[in-house]
Amino acid sequence: MTESPSTPAMLNAAEQSLIYVVTRPEQVMVRGKGSYLWDANDNRYLDFIQGWAVNCLGHCSPVLVRAINKQAKQLVNGSPALLNDQMIEAANVLTANSCLDKVWFGNSGAEVNEGAVKLARKYGAERLNGAYEIITTNNSFHGRTLGMMSASGKAGWDKLFEPKVPGFVHVDFNDLEATRAAVTDRTCAIMLEPIQGEAGVYVATQEYMSGLRKLCDEKGILLILDEIQTGIGRTGKLFGYENYEVEPDIMTLGKGLGGGFPVAAFLAKNNVCVFEAGDQGGTYGGQPLAMTAAHTVVNHMIDKKIPDRARRRGNSLKRKLRKLGKETGLTNIRGSGLLVAVDLPNDMGASVVAHAFDHGLLINAPKPNALRFMPALTVSNAEVDEMLDILRGALASVS
Ligand SMILES: Cc1ncc(COP(=O)(O)O)c(C=O)c1O
């Protein structure tokens, strides 16, 4: 790929002024359209990461850009202490199209997961004799605040930033009996992702999800679904729980909700809404631009039946990966809708990702021996085929 004079200056500025938290490629991204991103040197990348499963309508979706532009001329920021019309519309579209009754808006997945945990703890304090513990799953990912790092079951995190926030108990994902055994008088909720995305795309079984709902009903405790990665059409339904016909008491959303604009939410059934004034808040929660993004994305997704399209496209991607797998040793092709992963023959993930990047493709390796695909839900068949061609080349070259 070519190099332009602008890049070294940008890299220098980045190194001097950004706190180091991750090693990034040297290319600096400057624009995007649909399934493609361009760097400062005008190199094009086919994007099967899409901001980490965020840009559900692709980069700079015209419908989203138009709506944000229009709203920016009307009201950018009102006040968290005042209602605004966009907030009401966003709340209405989410509650009218889900099994939940009420919503609170925040800015990031970790923030709304914290809110969901606070709501469950308050419910436990008031309705369950002070129960406060939340059962979560090993290898889960719920965000990077201290609370959510404590809730998550990510390997290695148990040793980081001690001391942990107490009150989280971890059990194996898809292990109903272990979950049942972990419930005590202190338990107020069970919290999980319907698909463990960051762990490598592991899908909850129907038996497990139905069993968890039954267990929560039996014990009078709450089921919290973290749908930050699985919500908003990603799994082929508007919300992941619809794949199971199992309703959560609390659900969290982020990522795809704003189609690239930062916004997140937790939703709850009426009987769980025990917050009083002052229990929850945030300067930007319900901010009009973010609310416009949210209701525009969700309405567009419903009008254009995009979840259904994602399900069909995802099935076709999995079929094609199985075929490629026969040639190249990919196994365990899994996932739902357009959240898909495969296992590699060995720990070649980082090399495959790097080779693909050099050849204009963005994919992710959630584990050393796995690849994850999370393209725009509007990705075309031709773009899927282009991705597979580059991937085939990367696998051949690396192995
Ligand atoms: C399931 C899940 N929960 C929570 C989060 C954290 O969201 P955020 O990075 O917006 O705080 C993520 C992010 O990857 C996620 O996948």
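Ligands are counted one by one from 1 in listed order, and the atoms in each one are counted from 1 as well.
With sequence neighbours excluded, the residues that form a salt bridge (Lys or Arg N to Asp or Glu O under 4.0 Å) with E133 are R186. For E247, the salt bridge (Lys or Arg N to Asp or Glu O under 4.0 Å) partners are K269, not counting sequence neighbours.
Among protein residues, S108, G109, A110, N113, F141, H142, G143, E193, E198, D226, I228, Q229, K255 come within 4.0 Å of ligand 1, judged on heavy atoms.
Within the 3.5 Å criterion, the main-chain N or O of V203 finds a donor-acceptor partner in the side chain of N174.
K255 has no carboxylate O lying under 4.0 Å from a charged side-chain N of E193, or vice versa, which leaves the two without a salt bridge.
There is a path of hydrophobic side-chain contacts, each under 4.5 Å, that joins L391 to V353.
Residue pairs meeting the ring pair (Phe, Tyr, Trp, His ring centres under 6.0 Å) criterion with at least one member in residues 143-177, sequence neighbours excluded, are F141-W157, F173-Y208.
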